[in-house]
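This report refers to the structure that appears directly beneath it.
Every heavy atom of this structure was used, including side-chain atoms; hydrogens, water molecules and symmetry mates were not. First the proteins, then the strands, lettered A, B, ... as listed; each starts at 1.
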Amino acid sequence: MARRITLEPTGSGTAPENLTVDYRAELNDQQYAAATANPGALLIVAGAGTGKTRTLVYRLSYLVETGLDPRSIVLLTFTRRAARDMMTRAASLLDGRCQRVRGGTFHSFCMQLLRTHAPALNLSPDFTILDASDAADVLSMLRTRGGYPDRADRFPNKGTLQSMFSDTVNRDRSLSEALNDRYPQFTHLHDDLRELQDTYRAYKAEHHMLDFDDLLRRTHELLSQNDTVRQQVAARCRHVLVDEYQDTNAVQADLVQQFTSVHGNVTAVGDDAQSIYRFRGADFRNIFRFPKQYDNARVLKLEQNYRSTQPILDLANHLIDHANRSYDKTLFSDADTGDLPAIVPAADTAMEARFVGQMVAQLREQGVPLRDQAVLFRSSHNSYDVEIELGKRNIPYVKYGGTKLSEAAHIKDVLAHLRVAENPDDAAAWNRILQLIHGIGPKTAQDLIDWLTDDDHSAFVVDEQGHFAQRYLDTLTQLLNTLRSIRPDEQPLTEQMEAVLTYYRPLFEEAYPDDYPKRESDLEHLAPLAARYDSRQRFLADLTLDPIELTALDQEGATDDEAPLVLSTIHSAKGLEFHSVFLIHALDGTLPSQYALDEPGGLDEELRLLYVAVTRAEENLFISYPMLQTSRYYGDTMASRSRFLENVPESILEPVELVEAPPESTSDALPESPEPEALPTPDDDNTSAPKSDLSEPEDGLPF
DNA sequence: TGAAGCCCCTAAATG
DNA sequence: AGGGGCTTCA
């Protein structure tokens, strides 16, 4: 590494006393120190609800105000939504001066770099992107081609292959290390797997396809192998801000260092207690490595919580104190009154759902808007009964963490047509659209793909008649005609989409005979979305890298309506806050997930997940679980509450009993309940606790 | 040989 | 609700 000379700022910006924003007045001491720290490497360790985002926004604003060109600042966040929110907030502080800040996720920023510098990597700038399921499909195809399933009776299936190979990239380790650590049952297949991985890489390169991991890996490769490019890139990022640093993985941490290698100006924000993305290679130890990684790094802490009441923090602190690792942080709040968090056992999932539905409705009547309430859960299918209940009550909701628009099969179909037009070598997209044609299955599709992506045949023309079977020739010709007409990307995107839909609709109705009318409305939503883009390439990349929730789409048109209730996986609720939080399905085996139990460190991660859920709440926190789980196959099974919530003193987590309202005519509906207690009254002296009983809204039948 | 139909089973988190 | 494995059909 060359000798380094640090350039001092020359004061071209506004002098500190003439700044537009009064940082002193708007931030507490710790936040102020962080926001206004001198350039260089800065790590802000910030507990939940301590104003981490606020501080980052003010830091951004401060950097711009003191003279840094917004275009040379890069803001890396976990989702595009987070980047947009922060830039909007910073822009409003500074009359729009922050709008030209570059930002987004690691994946989208890397994609931009790769498009710009594609030639240096022998890459077509028109490469298309494979999401995880596309990648799995390609692997499945190559696996069949290589004859692997025949060689071993138990070869990993496509999803496992995909995550296995993904692991090697995100944890930056060899296949044998990954196998030993996470897939010991497949270690004996190492050589076959290694070969398949090589084949997969070669196949992607040949067809100009990049999967999510390639976006990171190849950028890293670009910058480590090409010093000129690295310096160019780093020179254009005068300051790099990274949010949620605890959820970066090995490659991402390296990338940050590469981006900042010319000047060392980096601000990272994170909380080791909130690291919840281990499964995709995130390593909270990146936080502790940061000071070693950057010369003269400063570390600042934010400890005062502005979000939650003290009782909620008491529970959060209690939970995290019982982690194997001790987290050196105790959150405190000025808001020391408030209801105790409640633990609510329900008879079964339906009753749990009724409880949530009723409470949400009551809180709304008491003036807590739906958008300030959230129902959180470990995995997306946990909310099934709650969704039914909300439907009955006509309560609008958005669900985060469910199926994404671009993951729905019928949407993928349409997008695959556009992808082929964009990149005629995209074998994954070809594979998908060819198999929609009646008479074309996996084998024929493969033969056709080899023919179509051959250099001599990429003109979308069927010219060698003998090559094709009659059974699909008509449809194939229609397909190629359609693709040929949209290939140049000259018509507006909406017209291209219309052309695709004209061809696709008959196939669509055949492919989804049971429910195509329902799916049709999704297709109709796609056109207005496309209308906002003038580049097909950007449209496709955005849908893949910044996925839209299917349920958010239904809400979109109705802007005048009440903002909906939030249903979210805990993962997707990261960084958000709500007046009232309902954490449902707090069951052992669900949270912690049974999958985590035998993974080393898995249980700790589940506990952090619970911690994240708890610290989303400002005023009210209800943790509920069904005592009976109904499964179609095992029948009803007894379920027990999460082990994390056993033995929590009642002074910290108050039990609430759900009681059926006695039917008006009879009095013996629930003989086992001696004194029906109105529900829930966590603290009698606090008026914000809604009182209620569990009466059914309409079709009420006590069970 | 390859496509399509059928039945069984199980169901994590995300860019 | 959808995928994977197996059987049947062209």
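Both the sub-6.0 Å distance and the 45° axial angle are not jointly satisfied by Arg182(A) relative to the ring of Phe279(A). For the pair Arg519(A) and Tyr516(A), the NZ or CZ position fails the cation-pi test of under 6.0 Å to the six-membered ring centre and within 45 degrees of the ring normal.
Rounded to whole Å, the distance from CZ on Arg608(A) to P on dA12(B) is 21 Å. Straight-line distance from the OH atom of Tyr512(A) to the P atom of dG2(C): 9 Å, rounded to whole Å. Per the geometry, CD belonging to Glu387(A) stands 11 Å off P belonging to dA1(C), to the nearest Å. For the pair Leu130(A) CG and dT14(B) C1', the computed distance is 16 Å after rounding to whole Å. dG2(C) atom P lies 11 Å from atom CG of Leu550(A), rounded to whole Å. Rounded to a whole Å, the NZ atom of Lys574(A) is 11 Å from the P atom of dT14(B). Going from atom CD1 of Ile570(A) over to atom P of dT14(B) covers 11 Å, rounded to whole Å. Remark: P of dT14(B) and CD of Glu549(A) are 8 Å apart, rounded to the nearest angstrom.
In this model, the phosphate group of dA13(B) is approached by a side-chain N or O of Ser380(A) to a distance below 4.0 Å at OP1 or OP2. Neither OP1 nor OP2 of dA13(B) sits under 4.0 Å from any side-chain N or O of Ser593(A). Lys412(A) has no side-chain polar atom (N or O) that falls below the 4.0 Å cut-off from OP1 or OP2 of dG2(C). Proximity of Arg519(A) to the phosphate of dG2(C): a side-chain N or O atom is located under 4.0 Å from OP1 or OP2. Listed pair Lys158(A) / dG4(C) meets the phosphate criterion, a side-chain N or O lying under 4.0 Å from OP1 or OP2. An OP1 or OP2 oxygen of dA4(B) is reached within less than 4.0 angstrom by a side-chain nitrogen or oxygen of His438(A).
Considering only side-chain atoms of Phe279(A), the nucleotide from dG15(B), dT14(B), dG2(B) that sits closest is dT14(B). Side-chain proximity of His571(A) to the nucleotides dG15(B), dT14(B), dA3(B) is greatest for dT14(B). Candidate nucleotides dT14(B), dA3(B), dA12(B) were compared by shortest atom distance to the side chain of Thr569(A), and dT14(B) ranks first. Side-chain proximity of Thr444(A) to the nucleotides dG2(B), dG15(B), dT14(B) is greatest for dG2(B). The Tyr277(A) side chain lies nearest to dT14(B) when the options are dT14(B), dG15(B), dA1(C). Of the candidate nucleotides dA11(B), dT14(B), dG2(B), dA11(B) has the atom nearest to the side chain of Tyr595(A). The Phe212(A) side chain lies nearest to dG15(B) when the options are dA12(B), dG15(B), dA3(B).
Among the heavy atoms of the strands, none lies under 4.0 Å from Thr590(A). Residue Arg80(A) is out of contact with every strand shown, counting any heavy-atom pair closer than 4.0 Å. Within the nucleic acid shown, Thr79(A) comes within 4.0 Å of sugar-phosphate atoms alone, with no base atom in reach, counting heavy atoms only. Asn157(A) comes within 4.0 angstrom of no nucleic acid atom, judged by non-hydrogen atoms across all strands. Using a 4.0 Å heavy-atom distance criterion, His381(A) is classed as a sugar-phosphate-only contact.
Counting only distance, with no hydrogens or angles, the side chain of Asn382(A) and the backbone of Ser379(A) share a donor-acceptor pair below 3.5 Å.
Using a 4.0 Å cut-off between a side-chain N of Lys or Arg and a carboxylate O of Asp or Glu, Asp134(A) and Arg419(A) qualify as a salt bridge. Residues Asp214(A) and Lys204(A) are paired through a salt bridge, judged by an N-O separation under 4.0 Å between the basic side chain and the carboxylate.
Using bins of under 30°, 30° to 60° and over 60° for the plane-to-plane angle, the ring pair His410(A)/Tyr512(A) lands in the perpendicular bin.
Of the two residues near DNA chain B, Asn170(A) and Glu599(A), the one whose nearest nucleotide lies more 5' is Glu599(A). Ranked by how close their nearest DNA chain B nucleotide is to the 5' end, Asp447(A) and Ser572(A) are led by Asp447(A).
For Arg145(A), the CZ atom sits in a packed shell: over 12 heavy atoms of surrounding residues, nucleotides or ligands are nearer than 6.0 Å.
Stacking of Phe106(A) onto the six-membered ring of dG15(B) is not present when judged by under 5.5 angstrom between centres and under 30° between planes.
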